[in-house]
Every structure is written in C-alpha cells, then in structure tokens.
> 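Pasting a structure here, questions to come.
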2 protein chains.
Amino acid sequence: MDSREKILEVARDIFQKKGKSGTRMQEIADAAGVNKALLHYYFKNKDGLFKEVFVDLIRKMLLPLKQQMFQKNLPLEDRIQNFVDGYINSLKENPLLLTFILGELSMNNMPFVPPPEIGEGIIQLGVELKEDEEFKHIDPFQLATTIIGSCVFPFIARPMLIGLGLEKSTTFEEFLEERKKILPQIILSGIKIK
Amino acid sequence: MDSREKILEVARDIFQKKGKSGTRMQEIADAAGVNKALLHYYFKNKDGLFKEVFVDLIRKMLLPLKQQMFQKNLPLEDRIQNFVDGYINSLKENPLLLTFILGELSMNNMPFVPPPEIGEGIIQLGVELKEDEEFKHIDPFQLATTIIGSCVFPFIARPMLIGLGLEKSTTFEEFLEERKKILPQIILSGIKIK
DNA sequence: ACTCGAATTAACCATTTAGTTAAATTAGAG
DNA sequence: CTCTAATTTAACTAAATGGTTAATTCGAGT
C-alpha cells in the first residue's frame, strides 16, 4: 500500500469536508493510519499538502467541464442537452467539490489557471451562435454562466434550497433528474429566435 | 461607542473573509480595539460570537431575496425583471456574503430556517404559471433555482470566471450590468409558450 | 463622596497544533 | 546476508489559540 497516495486520498476527503483551516494534520494522519511526521516528510508542510490536494481537485472539477464543453459536429441543441446531462451527473459524484473549491478560492486568493480549452470552448460557442440564424446573438460568457450556474447552483445551495422547502414534495435526487430534462428546454427556448 | 456592536461589526467582516475556523479571536479583538476577554464576556465563546454573526448575515442575505420575491399585482415579466435587477444590485453590495454562507452551511451543517415567505413566494410563482396560458407549466422550484442561480453564480464563481477569460474584454462590473439586461430575456423566452 | 454593578483589562492557563529530530524499521540491490 | 537508501515512527519543541480569573475602571444612582 502506497502511503503517500493514501495520505492524499484521505486529505482530499477531509479538506473538502472541513476546509483548509478547519483541517488538522493529526486528523489526516490518523485517517490515513500513519504518523503525522510522515505528512511532513512527503509534503513539507500543511500548505504543501493542501496545494497538491487542491490542484488535484481543481483538475477533477475541470475534467467533466472540459469533456462536456467540446463536442464538435453536433447541433447546439444536442450539445446543450449533453452538457447539462453529463455535468450534473459528474457533480452528483462529488457534491462537495464545487463548494469547497469556490470557497477556498475566495478566501485565500489562490491563482486559478484553468486549461485554455474551456475558455476557448466558450468563445467557440459564441461563434456558433453568430453563425446560426436560428439563435440570438448572446454574449457567450453570459450564456455559459447561465448554463453552468444553473447546473451547479443546486449543489452549492443545497442546504439553503432544502431549507426553502425543496424536499417537501420531492427528493433532491428526483429534483436533479427533473432538472436534467427541463433545463435544456428552458435554455434553448431562451436563446432561440421566436 | 458601543463595544459590543463594534465587535460584531468587525467579526462580520473577518468571518466573511476568512471563514469560521480561519478566524482568530485575537484578530477580532485587535480589529475592534478591545481586549480579547471582552469577546468572551459578551459572547461566551467563539461559537457564540459566530452564531450571532451568522444569523445576522443570513438575515442580511435573505432580506433582498424576500423583497424581490414579493411584488403582487405586477405581470410576471416585470416581476422577473425587477427580481434580477434588484437582487444583482444587492449582491454587488456584499460580494462575499453568499460564498461565505453557503460554505459555512455545507461544512458545519447548521440548521437553516429561512422565513416562510420565500418558500411561499416560490409556490405562488408556480400558481401564477399555471393560471397564465402564456407560460409553460414548469415546476416553480426549478424555475426559482434557475433564476436565483443565474443571478448568484457570477458572485460565487467570480475567481473561476475570471480565470476562464472573463475580464479579458469587459470588466466584471460591466458583465453584471449586461447580465441584468440579458437574463430576464433569456428566462422569459425560456418559459413562454412559443 | 460612596456604593454597586457593568464594562474592560492584564496576566494567566491548558490544549491544540504545526513542525522537528533522531532513531528505528523496511525493502531492495549486490 | 549485508549494506544502503528510502520509509516510518516515537518523542519532542515552540508557537498559537481558546478560554479563565482576578483586578481595575467607569458611570449612574444616592
């Protein structure tokens, strides 16, 4: 069993749950079944361990975004449908991921340099909107923010939504499934001309 | 000058910036210009101080939501326009608020009991959608999540959006102004029949 | 001026926490 | 089997941190 990998694995979980400053090195060591000094042996200090975990998680978060952003040779309708579907699915597998990253990003103002493909994908979206007579000429960043935000928001705001009365008639799970169906409809009618 | 109030005031700022576990009692005391023991005198312990700050901030966050959710006697078009406009404006005044609350809410799973008006406002939205032949019959929670999420997401994800290329051609400020115009259009066309 | 309670402080204490060091153990090459 | 380097640990230290206590100041009422 690789200790280094084990440490990273549990550190990922704990950091996500409790945030950087809420997490204790001892706690990670215990959970990984190793001595605390070993964390320092491999990662020098808390910052080092955190940074390694953090870039890992950023990558993990961006991967599905990247995958769903780029599907050339498909009509926009299908691409949006696929995006919403695929992205919500991947968020379901890591419900804490987004809140954690966005929270840490806003506290420590860490540098955030995503791979350029995503930004390019958004630009590309704008080009296609301009080319197709069927769609309005909307700023692609506005559109992307709307689409991504609509997918992501339920996960970030889950406790709030539940407090607001969601889950009184449906489960969160059902709500998400319904969302995968309805969101592409709303967005598509929103950007189509008439 | 009321020391108690001063403490709460600076605690609000620091907690929002650094989170609960990232904030030191000493730091708050220094910023408030009082002795650390005074914090314990008034609020018993860190948890007590935090809780008081937190419910204050929750209220502060819910107020504009409540105000913009309830404007009877107006056509849905105007209400959505007003909501987006008013809510984005109020978010601009407290850019850190949302990220902080949602982050803390997901870490410590605090109880979140908003005033019932907001939940009721959402239900009411559903009723009106059903009554009006012009609109699709969309689950009001889905719609509300989309509207609120679309307004809120830029603030939560600001560092990410900037990393993704926003602010290469426009400022964040301009982006928000544009958003206030464009969002109601997208959403309205999204829920209108044809 | 005196009293009494609230506000405020200085000086502590006990724990927790990140980080260090040197020794012990393990694993792999020869 | 042995030597060596990588891995792992026990036992520390120093600093930070939340919290306490006892003493002091302040202000309103008498």
Side-chain angles (χ1 to χ4, degrees), chain A residues 1-58 96 100-101 103-111, chain B residues 1-58 96 100-101 103-111:
Chain A
M1 176 193 37
D2 187 347
S3 288
R4 204 191 125 95
E5 210 45 51
K6 179 77 187 168
I7 292 170
L8 280 171
E9 190 184 313
V10 306
R12 259 195 297 273
D13 284 356
I14 300 179
F15 274 133
Q16 280 187 77
K17 234 175 269 169
K18 310 198 171 183
K20 177 178 173 179
S21 55
T23 299
R24 308 294 135 204
M25 295 294 269
Q26 187 62 58
E27 199 181 352
I28 295 174
D30 291 346
V34 297
N35 189 285
K36 183 164 58 92
L38 198 58
L39 310 198
H40 290 92
Y41 173 74
Y42 281 126
F43 305 100
K44 177 162 168 142
N45 55 27
K46 192 182 183 179
D47 247 47
L49 174 55
F50 180 78
K51 212 171 272 182
E52 189 148 338
V53 166
F54 195 67
V55 303
D56 258 25
L57 288 178
I58 290 257
L96 293 174
F100 166 72
I101 288 180
E104 293 296 333
L105 231 38
S106 92
M107 284 182 196
N108 345 347
N109 47 312
M110 312 211 62
Chain B
M1 178 193 36
D2 188 346
S3 288
R4 203 190 125 95
E5 210 45 53
K6 179 76 187 170
I7 292 169
L8 281 172
E9 189 184 312
V10 306
R12 257 195 299 273
D13 284 355
I14 300 180
F15 273 134
Q16 280 187 78
K17 235 175 269 172
K18 310 198 174 185
K20 178 180 173 179
S21 54
T23 298
R24 309 294 134 205
M25 295 294 269
Q26 187 62 59
E27 199 181 352
I28 295 175
D30 292 347
V34 297
N35 189 286
K36 181 164 61 96
L38 198 59
L39 310 198
H40 290 92
Y41 173 72
Y42 281 125
F43 305 99
K44 178 161 166 138
N45 54 27
K46 193 180 182 181
D47 247 47
L49 174 55
F50 180 78
K51 214 172 269 180
E52 189 148 339
V53 166
F54 195 68
V55 303
D56 257 25
L57 288 179
I58 290 256
L96 293 173
F100 166 71
I101 289 180
E104 293 298 333
L105 230 40
S106 92
M107 284 182 197
N108 345 343
N109 45 313
M110 312 212 61

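In the text below, chain A, chain B and the rest are named by the order of the sequence lines, each starting its count at 1. Predicted model only: the values in this text are computed from it and were never measured.
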> Any salt bridge linking A:Lys20 with A:Asp47? Criterion: basic side-chain nitrogen under 4.0 Å from a carboxylate oxygen.
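Salt bridge: yes.
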
> Could you tell me how far apart B:Lys36 (NZ) and C:dC13 (P) are, to the nearest whole angstrom?
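Atom NZ in B:Lys36 sits about 14 Å away from atom P in C:dC13.
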
> Only distances under 3.5 Å count here; give the side-chain donor-acceptor pairs of residues 48-58 of chain B to other protein atoms, sequence neighbours excluded, each with its distance to 0.1 Å.
unit_1	atom_1	unit_2	atom_2	d
B:Glu52	OE1	B:Arg4	NH2	3.4
B:Glu52	OE2	B:Arg4	NH2	2.3
B:Asp56	OD2	B:Arg12	NH1	3.1

> Could you check how far CZ of A:Phe43 sits from P of C:dG19, rounded to whole Å?
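Atom CZ in A:Phe43 sits about 14 Å away from atom P in C:dG19.
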
> Can you give me the closest heavy-atom contact between A:Ala29 and A:Asn35, atom names plus distance?
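It is CB-C, 4.0 Å.
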
> If I compare all heavy atoms of A:Leu38 with all of A:Ser3, which pair ends up nearest, and what's the gap?
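Heavy atoms only, the tightest pair is CD2-CB, 4.0 Å.
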
> Which of residues 44-58 of chain A sit near DNA chain D, with a heavy atom under 4.0 Å from it?
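Listed by number, there are none.
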
> Of all the choices, C:dT9, C:dA18, D:dG18, which nucleotide is nearest to the side chain of B:Met25 once you look at every atom?
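Looking only at heavy atoms from C-beta outward on B:Met25, the closest nucleotide is D:dG18.
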
> Quick one: CE on A:Met25 to CG on A:Asn45, what's the gap to the nearest 0.5 Å?
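Result: 7.0 Å between the selected atoms.
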
> If only atom types and distance count, is the side chain of B:Lys46 paired as donor or acceptor with the main-chain N or O of B:Thr23 below 3.5 Å?
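Answer holds: yes.
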
> Atom NZ of A:Lys6 to atom C1' of D:dT8: distance rounded to whole Å?
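Distance, rounded to whole Å: 17 Å.
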
> Hey, could you give me the CG/CZ distance between B:Leu39 and B:Phe43, rounded to the nearest 0.5 Å?
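That separation rounds to 7.5 Å.
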
> Which of these nucleotides, C:dA18, D:dT21, D:dT17, is closest to any side-chain atom of B:Ala37?
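Output: D:dT21.
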
> Is B:Ser21 touching bases, backbone alone, or none of the nucleic acid, heavy atoms closer than 4.0 Å?
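Since no nucleic acid heavy atom lies under 4.0 Å of B:Ser21, the category is nothing.
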
> Among C:dT9, C:dT20, D:dT9, which nucleotide sits nearest the side chain of A:His40?
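Minimum distance to the A:His40 side chain belongs to C:dT20.
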
> Within this structure, what is the CD1-to-C1' distance between A:Ile28 and C:dG19, rounded to whole angstrom?
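In whole Å, C:dG19 C1' and A:Ile28 CD1 are 14 Å from each other.
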
> Assign each of B:Arg4 and A:Gln26 to its nearest nucleotide of DNA chain C by heavy atoms, then name whichever residue's nucleotide is nearer the 5' end.
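Counting from the 5' end, the first nearest nucleotide belongs to B:Arg4.
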
> Write out a two-atom table: protein N or O, nucleotide N or O from nucleotides 5-7 of chain C, distance below 3.5 Å.
unit_1	atom_1	unit_2	atom_2	d
C:dA7	OP2	B:Tyr41	OH	2.8

> Where is the tightest heavy-atom contact between B:Ser21 and A:Ser21, given as atom of each residue plus distance?
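Minimum heavy-atom contact is OG-OG, 3.3 Å.
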
> In this structure, how many angstroms lie between the C1' atom of D:dA22 and the CG atom of B:Asn35, rounded?
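Taking CG of B:Asn35 and C1' of D:dA22, I get 13 Å after rounding.
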
> Within less than 4.0 Å of OP1 or OP2 of C:dA18, is there a side-chain N or O belonging to A:Arg24?
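For A:Arg24, the contact criterion (side-chain N or O under 4.0 Å from OP1 or OP2 of C:dA18) is met.
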
> Might you point out which heavy atoms bring A:Lys18 and B:Met107 nearest each other, and give the distance in Å?
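Smallest interatomic distance, heavy atoms only, reads O-SD, 3.6 Å.
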
> Rounded to the Å, how far apart are A:Ile14 CD1 and C:dT17 P?
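Between P of C:dT17 and CD1 of A:Ile14: 13 Å.
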
